[in-house]
Amino acid sequence: MGFIYRPRHQYQLGPGSGPTGGYDCTAYSAAMSIDRATLGGTLATGRQVRLASSEPVPDRASPGLNLNQVINVAYKWHVDLEQRTGAPWSSVMAALKGGRGVILQGDADQLPPGINGQIGFKGDHAVYVNHVTGDGDLYWMDPLRKAGALEVKEEIARAYAEKFARATGTYPGIRFATTRVTPTIAVAQ
């Protein structure tokens, strides 16, 4: 019997998040993906990811980081994240079912109360999705959700990702990046 490694949840508005914390959802999602890719061997914070990027100070037109920027930062920790933007939703699910974690960009207005990490937030956003649970839900780690991870229905996650893809011109391709395939961790019985 084994289990899927779960990275430490990171809250982007907590102490130490710095002045860019409100824009750093992709950086915090990348930090969780680095944790997953190394099975806890490398514990970078979202703030460290932001500061290691080529954009430690936000661009007023686009204050957050993009997937290519966090992929480049992950290389600094010897972690390869794979840019998958443009692949369809089925590729997101195949990556998760195949043992990869996913940084998923989307539109937070598609997230109902209780799932939306910040009540009333309706903007572009990024989350880290660790795996598909036994009942088919997604193990969702929203850096805006102080309470930590929760399970989200696939149709909600898909609507979140597809609305953003339409707005940014990649639909039917989704904007996401994946970790390497990580092994399940054996548990003695």
Side-chain angles (χ1 to χ4, degrees), residues 6-14 17-18 20-37 44-56 58-59 61-74 77 79 81-87 89 91-93 95-96 100-112 115-118 120-131 138-150 152 154 156-171 173-179:
R6 294 177 183 175
R8 178 177 53 95
H9 181 266
Q10 295 195 34
Y11 178 55
Q12 76 184 74
L13 299 176
S17 63
T20 61
Y23 303 111
D24 288 345
C25 54
T26 305
Y28 278 76
S29 296
M32 289 183 272
S33 72
I34 291 167
D35 182 353
R36 161 71 185 268
T45 66
R47 179 75 178 142
Q48 289 170 320
V49 170
R50 179 59 184 237
L51 291 173
S53 78
S54 60
E55 298 292 333
D59 174 341
S62 179
L65 297 180
N66 63 46
L67 291 172
N68 287 331
Q69 289 169 317
V70 296
I71 287 168
N72 289 333
V73 169
W77 280 284
V79 173
L81 300 177
E82 184 178 342
Q83 170 66 269
R84 298 291 312 277
T85 294
W89 179 256
S91 295
V92 173
M93 294 304 293
L96 290 166
R100 297 175 187 271
V102 170
I103 301 169
L104 183 64
Q105 293 186 320
D107 191 326
D109 74 359
Q110 298 300 297
L111 303 175
I115 293 174
N116 191 329
Q118 187 175 13
F121 176 62
K122 303 287 185 192
D124 300 340
H125 190 44
V127 299
Y128 172 72
V129 183
N130 197 58
H131 61 276
L138 306 186
Y139 192 81
W140 184 269
M141 300 177 78
D142 183 344
L144 275 178
R145 189 169 190 277
K146 188 175 186 176
L150 74 159
V152 172
E154 179 186 352
I156 293 170
R158 184 174 183 167
Y160 157 88
E162 286 183 346
K163 182 169 184 205
F164 185 64
R166 283 184 181 93
T168 58
T170 62
Y171 186 81
I174 304 302
R175 291 187 172 272
F176 72 108
T178 65
T179 68

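Just so it is clear, the values below take in all heavy atoms, side chains as well, and ignore hydrogens, waters and symmetry mates.
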Trainee: For the OG atom of S17 and the OH atom of Y28, what is their distance to the nearest 0.5 Å?
Mentor: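 These two atoms lie 4.5 Å from each other.
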Trainee: Are L67 and T26 packed together at the side-chain level, in the sense that at least one heavy-atom pair is separated by less than 4.5 angstrom?
Mentor: yes
Trainee: Nearest 0.5 Å, please: how far is CZ in F164 from OG1 in T170?
Mentor: 8.0 Å
Trainee: Taking all non-hydrogen atoms of both residues into account, name the closest pair between T178 and A95 and its distance.
Mentor: CG2-CB, 3.8 Å
Trainee: Do R166's NZ or CZ and the ring of Y171 fall within the cation-pi criteria of under 6.0 Å and 45°?
Mentor: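 Yes, a cation-pi geometry.
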Trainee: Using the salt bridge (charged side-chain N to carboxylate O under 4.0 Å, His left out) rule, take E154 and R158 through it: C-alpha gap first, then chi angles, then the decisive distance, then the call.
Mentor: CA-CA 6 Å; E154 179 186 352; R158 184 174 183 167; 5.0 Å; no
Trainee: If we ignore hydrogens and angles and just use 3.5 Å, is the side chain of S33 paired with the main-chain N or O of A30 as donor and acceptor?
Mentor: yes
Trainee: Checking L138 against M93 for the side chain to side chain contact (heavy atoms under 4.5 Å, CB included) test, could you report, in this order, the C-alpha distance in whole Å, the side-chain angles of both residues, the deciding distance, and whether it holds?
Mentor: CA-CA 9 Å; L138 306 186; M93 294 304 293; 3.9 Å; yes
Trainee: Closest heavy-atom contact between I71 and A177?
Mentor: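 Closest approach of I71 to A177, heavy atoms only: CD1-CB, 4.2 Å.
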Trainee: Within the distance-only criterion (no hydrogens, no angle test), does the side chain of N116 pair as donor or acceptor with the backbone N or O of F121 below 3.5 angstrom?
Mentor: yes
Trainee: Which heavy atom in A126 sits nearest to a heavy atom in C25, and how many Å separate them?
Mentor: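 Heavy atoms only, the tightest pair is N-SG, 3.3 Å.
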Trainee: Counting distance only, does the side-chain N/O of Q105 pair as donor-acceptor with the main-chain N or O of R175 below 3.5 Å?
Mentor: no
Trainee: Measure the spacing between CG of L81 and CG of N68 and express it to the nearest 0.5 Å.
Mentor: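 One finds 11.0 Å between CG of L81 and CG of N68.
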Trainee: Taking R84's backbone N and O only, do any of them form a donor-acceptor pair with E82's side chain (distance below 3.5 Å, no angle check)?
Mentor: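 Between the backbone of R84 and the side chain of E82 there is no qualifying donor-acceptor contact (under 3.5 Å).
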Trainee: Ignoring hydrogens and angles, tell me if any N or O in the side chain of N130 forms a donor-acceptor pair with the backbone of Y139 under 3.5 Å.
Mentor: no
Trainee: Do you see a donor-acceptor pair shorter than 3.5 Å between the side chains of D142 and H125?
Mentor: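 Yes, side-chain donor-acceptor contact under 3.5 Å.
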Trainee: What are the two closest non-hydrogen atoms of A161 and I174, and how far apart are they?
Mentor: CB-CG2, 3.7 Å
Trainee: Is there side-chain contact between P143 and M32, with heavy atoms separated by less than 4.5 Å?
Mentor: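 Of all side-chain heavy-atom pairs linking M32 with P143, at least one is under 4.5 Å.
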Trainee: Check the pair V49, W77 against side chain to side chain contact (heavy atoms under 4.5 Å, CB included), reporting the backbone distance first and the verdict last.
Mentor: CA-CA 10 Å; V49 170; W77 280 284; 4.1 Å; yes
Trainee: Testing the 3.5 Å rule here: is there a donor-acceptor pair between the side chains of E55 and S53?
Mentor: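 E55 vs S53: no donor-acceptor pair found between side chains.
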Trainee: Quick one: closest heavy-atom pair of P7 and M141, and the distance?
Mentor: O-CE, 3.2 Å
Trainee: Could you tell me the separation between the CD atom of Q10 and the CZ atom of R8, rounded to the nearest 0.5 Å?
Mentor: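 One gets 4.5 Å once the value is rounded to the nearest 0.5 Å.
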Trainee: Within 45° of the six-membered ring axis of Y128 and under 6.0 Å from that ring's centre, is NZ or CZ of R36 located there?
Mentor: no
Trainee: Taking all atoms of both residues into account, what is the closest heavy-atom pair of R145 and Y11, and its distance?
Mentor: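 In this case the closest contact between R145 and Y11 is C-CD1, 3.9 Å.
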Trainee: About how many Å separate CG of L104 and OH of Y160, when rounded to the nearest 0.5 Å?
Mentor: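 So the gap between those two atoms works out to 5.5 Å.
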Trainee: When you check the side-chain N and O atoms of R47 and T20, is any donor under 3.5 Å from an acceptor?
Mentor: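 Yes.
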Trainee: To the nearest 0.5 angstrom, please state how far the CG atom of N66 sits from the CG atom of N72.
Mentor: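 The CG atom of N72 is 8.5 Å from CG of N66, to the nearest 0.5 Å.
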